[in-house]
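This structure is a prediction, so every number in the text was calculated from the model and none was measured. Chain identifiers are assigned alphabetically (A, B, ...) following the order of the sequence lines, protein sequences preceding nucleic acid strands; residue numbering begins at 1 within each chain.
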Amino acid sequence: MKAVIDPARCQGKARCFNLYPSIFGKGPDGKGLIVRTEDLDTDELIVDAQSAANACPRGAITLVD
Amino acid sequence: MTTTNINLSDPEVQRCPFGAYKALRDEAPVHRMPDTGMYVVSRYEDICDIVRDPDRFSMAVPMDFLFKTDAAKQYYRDHGYPRRTPLSSDPPYHTEFRDLLEPFFTAGRIRQWEPRLRELIGNLASKLEKDEPVDFVADFCFPLPMSVMTVLLGLPLEDHKILKHWTDVWVLPFSHGLTPEKEMYVAEEGIKLQRYLLDAFERKRREPADDLLTVLVQTRRADGSPLTTQEMLGFAEQAVVGANETTQNGLAMAMKELIENPGVEDRLHAEPGKIRTFVEECLRLQSPTAGMYRVTTQDVELHGVTIPKGCIVHLRFAAGNRDERHFPNPEKLDLDRRNAASHLAFSQAIHHCLGAPLARLEINLAFEILLSRRQHFRFARDAESFDYVPGLALRQLKYLWIQSDPAAAAARATAA
Ligand code: HEM
Ligand code: HEM
Ligand code: SF4
């Protein structure tokens, strides 16, 4: 499973990288980006990525298998 | 029971709401409740859509509907500030206010709290270490969330008991049928809480510290102005209320799930990393906040039903969390479920629970610590009977008598 951010939706609201910095980071444009590009292969990473997707105010994060 | 008269406030339904949830999802995904006239929405996708549509589904639900007597409303006006939580609002005000608070709930902050949480949880866990039945709700779930919140706010730990009392009283109007006398009592206790908090703000202005109340008194808007007293009170009230019964029930129901599902405890001992998914599955299945409210700003058509402008919509997170359209085999606690954490227990998007990272940390640490000390958790006494506090929005166990086997835990520790 991997996390993907839709740059068209993301408005740099920061919830993802403030809460889950092992998966998300802040890009030079202030928007979210994926720092964990490898497979999310533990329960911890999967739960965190999904929590970020739920929390994102813009619905910009999706998880793909 | 036919779908048309399903009433989620009915104590019979509350004992086991899951059949009613399924009937609603399948036959009446937009359901007008007979007693209150609220529209219940129960499917996962519909709830997701509504929380992302604040223009049509506003959070600014008038809190006044909670008090029925003018005397109680007047008491608030005369003696304090109205009950108004600033986050119960819509963009752009909500966005501005929430952005001010977010920095207090970042990964870095949360990591700082962890040692203190471990200490509080460890102390409570020690009190459970008896070779006789203990009430997990009274001895562990009641004191933990409010002790944590008291510490984070920067209040003396011994005040957690009085804060718990005020918080429990604060939410009484959310259940139906308070007498006028009881409403007045709620108003009086509410004003006592406000006075207590006002004193605390004063103290934090004089002696700032690394805590949430200090953040509140020091926060400045983009234009340099401080938060109003009303805003600070409203947020502090929402923080204690939001953290109290929700986390308490998350903890209690997770223990109930642990005991009711054979094999889960063994698996968590063997693979402690699975505790993360276990906690999400418990939140999904039990949704401590079973539902929240929105108000329509215009007529809205959904599944062939017209919800008129100005109606209260009840988002039933607990029903969406067992929607087979999103969670296959939804009634099962599944430690391998890949989308467990996509549940709605904390809602989604702009109003997604601000305290979710804290609640998650608390419940995860609690089970990590409890499982490391005791083993073979089981129900004590009459295991088949569970009693829930009546109420529409919160699902709340009154007690949970459990027992465990310390010898097994000790043996495992020695073997390891
Ligand atoms: C289609 C109908 C129903 C479904 C799908 C359903 C589902 C469930 C499920 C999944 C549980 C396990 C509790 C949990 O997962 O947390 C449960 C518990 C229970 N159900 Fe039902 N149920 C239905 C109808 C009923 C009816 C008609 C009654 C009795 C009037 C009933 C009484 C109970 C009781 C007493 C419990 C135990 C509650 C507790 O653990 O506190 N259920 N039900
Ligand atoms: C298991 C525990 C908890 C559950 C199930 C829970 C549930 C929820 C839900 C469902 C919402 C969203 C309401 C909506 O969309 O209408 C919410 C919002 C909120 N919660 Fe929690 N909560 C929990 C713990 C906490 C804690 C520990 C805090 C402490 C700070 C907290 C503070 C808040 C606040 C301030 C909001 C409002 C956020 C906003 O409107 O922007 N909650 N909570
Ligand atoms: S939370 Fe959403 S909007 Fe905010 S930075 Fe992350 S992806 Fe972008």
Minimum heavy-atom distance between [X] and [Y], given as atom pair plus value:
X: B/R52; Y: A/C56; answer: NH1-O, 3.8 Å
X: A/N54; Y: B/Q348; answer: OD1-NE2, 2.9 Å
X: B/H352; Y: A/R15; answer: CB-NH1, 3.9 Å

Evaluate whether atom NZ of A/K26 has more than 12 neighbouring non-hydrogen atoms of other residues, nucleotides or ligands under 6.0 angstrom away.
no

Counting only heavy atoms closer than 4.5 Å, note whether [X] contacts chain A via side chain, backbone, both or neither.
X: B/I110; value: side chain
X: B/N339; value: both
X: B/R98; value: side chain
X: B/F346; value: neither

Checking A/A55 against chain B: side chain, backbone, both or neither under 4.5 Å from a heavy atom?
both

Rounded to the nearest 0.5 Å, what separation is found between the CZ atom of B/F105 and the CG atom of A/L19?
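Answer rounded to 0.5 Å: 10.0 Å.
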
Any idea which of B/T277, B/D99, B/V51 has the most non-hydrogen atom pairs under 4.5 angstrom with chain A?
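Result: the option with the highest number of such pairs is B/T277.
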
Step by step, would you call B/R276 with A/I46 a side-chain contact (heavy atoms from CB on, under 4.5 Å)?
CA-CA 9 Å; B/R276 288 299 307 272; A/I46 292 173; over 6 Å; no

Do you know which of A/L63, A/D65, A/D43 makes side chain to side chain contact (heavy atoms under 4.5 Å, CB included) with B/R338?
A/D65

